[in-house]
Amino acid sequence: MATKKKAPQMDAIALLKTDHKKVRLLLETLDKTDAPARRTKLLGQIETEVKVHAQIEEEIFYPAFKRKAKESEEMEMFFEAKEEHGLVDIMLPKVKSANPGGEEFAARAKVLKDLIVHHAREEEKEMFKAARNLFDKDELKALGARMQTRKRELMRSMK
Ligand SMILES: [Fe+2]
Ligand SMILES: [Fe+2]
């Protein structure tokens, strides 16, 4: 009898980076896609992924990071990241409201992509790097487990 292999538990940073990779790929695909129906489908996937990802960061990872932050630079990373989430929240509905067959959609999708790619890069290069110093391995594992559980819940509620 075949037993289902359980995916290894990722720590907080590995989990968030995996999400980033998936979203970047979806955004790149959207950028290269012209067919309206396909654009709409991709945008729907991006919206779900981005919303769930931002929510687990805002509920779990960011507050934990803020509590640990010692230096003013680390606090700046926290506040900047939060503001960038706010920009994504403004941009996503703008893409959604554009006609998927038009030039405006392509332009808005490109701006959304640039915004998210920039944000994810800064998280990875600055915030996650700082987090590796601020948290120990067990803490990162525990945060990862909490985010994974919450992510499953949110994904279920979005279907
Ligand atoms: Fe983020
Ligand atoms: Fe992120």
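First listed ligand is number 1; within each ligand, the first listed atom is number 1. Every heavy atom of this structure was used, including side-chain atoms; hydrogens, water molecules and symmetry mates were not. In what follows, residues are counted from 1 in the order of the sequence shown. None of these values were measured; they are calculated from a predicted model.
- Tested against His20 for a side chain to side chain donor-acceptor pair (under 3.5 Å), the candidates Arg121, His119, Glu49, Glu123 yield a single pass: Glu123.
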Verdict with reasoning, Arg24 to Asp19, per salt bridge (charged side-chain N to carboxylate O under 4.0 Å, His left out): CA-CA 9 Å; Arg24 262 195 299 260; Asp19 281 357; over 6 Å; no

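- Between the CZ atom of Phe61 and the CZ atom of Phe78 there is a distance of 11.5 Å, given to the nearest 0.5 Å.
- The salt bridge (charged side-chain N to carboxylate O under 4.0 Å, His left out) check on Glu139 picks up Lys68, with sequence neighbours excluded.
- For the atom pair CG of Leu43 and CZ of Phe105, the computed distance is 5.0 Å after rounding to the nearest 0.5 Å.
- Partner of Tyr62 under the side chain to side chain donor-acceptor pair (under 3.5 Å) criterion, out of Lys82, Arg67, His85: His85 alone.
- Note on the Fe ion (ligand 1): protein N, O or S atoms under 2.8 Å away count 5, no waters included.
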